[in-house]
Amino acid sequence: MKIYTTPMCQEVVRLAGVSQYTVKHDYDFMGADLVIVLSETETNYPNIKIKLNTFKQIYESIDLISNTLKTEKLDMGEWGDDYTLHISRKGTDIDKRKKIKVKVYSNFIREIVNDMGFTLVKKEPDFIVFPDYLKDNQNDDIMDEIELMGLRAVEIPSHKKAPLNPLERAQMRYKILESKLCTRP
């Protein structure tokens with residue numbers, strides 16, 4: 001079976017126990033029997049679509065791939081410990097986090113902020129969280145709002161400016177949000 005994936009999904013495919021796959025940088029999946037891609041990727045090939053924004057999504061994606069292909073997942077090592085710590089910390093801090101109102105400017109950030117237990121709002125936020133690529137788009141209204149928030153505006157690296165490994169990427173993003181949003185003035 002010819003399995004193709006992308007650099008963004010490669011580590012999850014490996015952790016799912018798939019040993020034979022090809023990483024395609026150009027999204028040319030011609031000849032593939034199966035492609036494993038991010039959920040927003042358009043493809044006409046048989047596929048497994050996965051999400052990799054939150055720790056939960058990453059672990060669910062590993063399970064989905066492993067269960068679908070009947071492979072044995074690899075030992076997660078320290079990543080499993082990080083996830084367990086995240087879940088236990090989330091449970092103890094949830095009441096405190098629910099009180100922090102966050103406005104987000106991205107679906108991937110919405111998923112992470114929601115997973116961390118913060119309250120998502122559209123008006124009167126304590127913090128604004130936005131992806132780094134918004135600065136390139138120069139939407140004046142959004143940039144004015146971000147500038148007005150000052151230190152309460154939190155920039156999150158997008159896929160292009162974050163590690164390819166989804167676990168490292170999630171860990172980095174969660175740490176940024178933890179350090180900024182949990183220091184409510």
Side-chain angles (χ1 to χ4, degrees), residues 5-16 36-41 49-66 73-122 124-137 142 145-146 149-185:
T5 192
T6 63
M8 294 289 286
C9 301
Q10 178 180 3
E11 182 65 9
V12 170
V13 172
R14 185 188 74 76
L15 289 169
I36 301 172
V37 292
L38 294 174
S39 62
E40 60 270 14
T41 304
K49 291 193 173 194
I50 58 177
K51 295 192 85 157
L52 303 174
N53 295 322
T54 68
F55 284 119
K56 181 178 181 185
Q57 290 173 348
I58 293 167
Y59 282 84
E60 287 174 348
S61 295
I62 292 168
D63 286 343
L64 174 63
I65 295 165
S66 177
K73 295 181 284 190
L74 301 181
D75 179 16
M76 297 291 290
E78 67 185 49
W79 293 113
D81 297 340
D82 282 354
Y83 181 62
T84 303
L85 179 63
H86 162 69
I87 294 300
S88 66
R89 183 180 298 148
K90 179 178 161 183
T92 59
D93 293 343
I94 200 76
D95 288 337
K96 196 175 4 173
R97 290 184 180 182
K98 280 183 182 178
K99 295 176 184 173
I100 300 173
K101 298 179 289 183
V102 182
K103 181 175 183 176
V104 299
Y105 281 106
S106 165
N107 287 333
F108 84 86
I109 293 173
R110 176 177 285 104
E111 291 171 355
I112 297 168
V113 167
N114 188 48
D115 182 58
M116 293 180 75
F118 297 104
T119 298
L120 293 163
V121 297
K122 294 185 184 211
E124 299 181 24
D126 297 314
F127 293 92
I128 290 178
V129 183
F130 66 98
D132 55 11
Y133 60 76
L134 267 188
K135 287 183 173 180
D136 298 337
N137 295 345
I142 294 173
E145 187 176 11
I146 289 169
M149 292 297 284
L151 294 175
R152 296 181 304 134
V154 180
E155 182 177 339
I156 299 294
S158 61
H159 296 307
K160 292 179 180 165
K161 296 180 182 176
L164 274 179
N165 181 318
L167 291 161
E168 291 175 9
R169 189 171 56 248
Q171 184 180 53
M172 176 191 68
R173 290 172 174 166
Y174 277 69
K175 282 184 178 179
I176 290 170
L177 291 170
E178 185 86 28
S179 69
K180 303 286 185 172
L181 302 185
C182 292
T183 58
R184 184 177 171 189

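Quick note: numbers below take in every heavy atom, side chains included, and nothing from hydrogens, waters or symmetry partners.
- Formation of a donor-acceptor pair under 3.5 Å by the S39 side chain with backbone atoms of K49 is not found in this model.
- Between the side chain of T5 and the backbone N or O of I36, at least one donor-acceptor pair lies under 3.5 Å.
- The two residues L181 and I100 come nearest to each other via the heavy atoms O-CD1, 3.2 Å.
- When all heavy atoms are compared, the tightest approach of Y133 to S158 is CD2-CB, 3.6 Å.
- Panel note: side chain S106, backbone F130; no donor-acceptor pair is recorded below 3.5 Å.
- L120 pairs with exactly one of R110, K101, K103 by the side-chain contact (heavy atoms from CB on, under 4.5 Å) rule, that one being R110.
- Scanning both residues, F118 and C182, for their nearest heavy atoms gives CZ-SG, 3.8 Å.
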- Query: Between L15 and I58, does a side chain to side chain contact (heavy atoms under 4.5 Å, CB included) hold up when you go through it step by step?
  - Reply: CA-CA 10 Å; L15 289 169; I58 293 167; 6.0 Å; no
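- Ion pairing of R14 with E11 is present here, as a side-chain N (NZ or NE/NH1/NH2) and a carboxylate O approach within less than 4.0 Å.
- For the pair N53 (side chain) and I112 (backbone), a donor-acceptor distance under 3.5 Å is absent.
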- Query: What do the steps show when you test R169 against L52 for side chain to side chain contact (heavy atoms under 4.5 Å, CB included), and what is the final call?
  - Reply: CA-CA 9 Å; R169 189 171 56 248; L52 303 174; 4.0 Å; yes
- Message: For a salt bridge (Lys or Arg N to Asp or Glu O under 4.0 Å) check, start with the C-alpha distance between R97 and E178, then their side-chain angles and the critical distance, and finish with the verdict.
- Response: CA-CA 10 Å; R97 290 184 180 182; E178 185 86 28; 2.5 Å; yes
- What's the verdict on side chain to side chain contact (heavy atoms under 4.5 Å, CB included) for F127 and L177, showing C-alpha distance, side-chain angles and the deciding distance? CA-CA 10 Å; F127 293 92; L177 291 170; over 6 Å; no
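- Atom CD of E124 has 12 or fewer neighbouring heavy atoms from other residues, nucleotides or ligands inside a 6.0 Å radius.
- The two residues S61 and I50 come nearest to each other via the heavy atoms OG-CB, 3.3 Å.
- Taking both residues in full, the closest heavy atoms of M172 and P163 are given as CE-CD, 3.8 Å, listed atom of the first, atom of the second, then distance.
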- Item | Trace of the side chain to side chain contact (heavy atoms under 4.5 Å, CB included) decision for L164 with Q10 | CA-CA 9 Å; L164 274 179; Q10 178 180 3; 6.0 Å; no
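- The two residues N165 and L167 have their closest heavy-atom pair at OD1-N, 2.8 Å.
- Partner of I128 under the side-chain contact (heavy atoms from CB on, under 4.5 Å) criterion, chosen from I142, V104, V102, I146: I146.
- No side-chain donor-acceptor contact under 3.5 Å links R173 to the backbone of I156.
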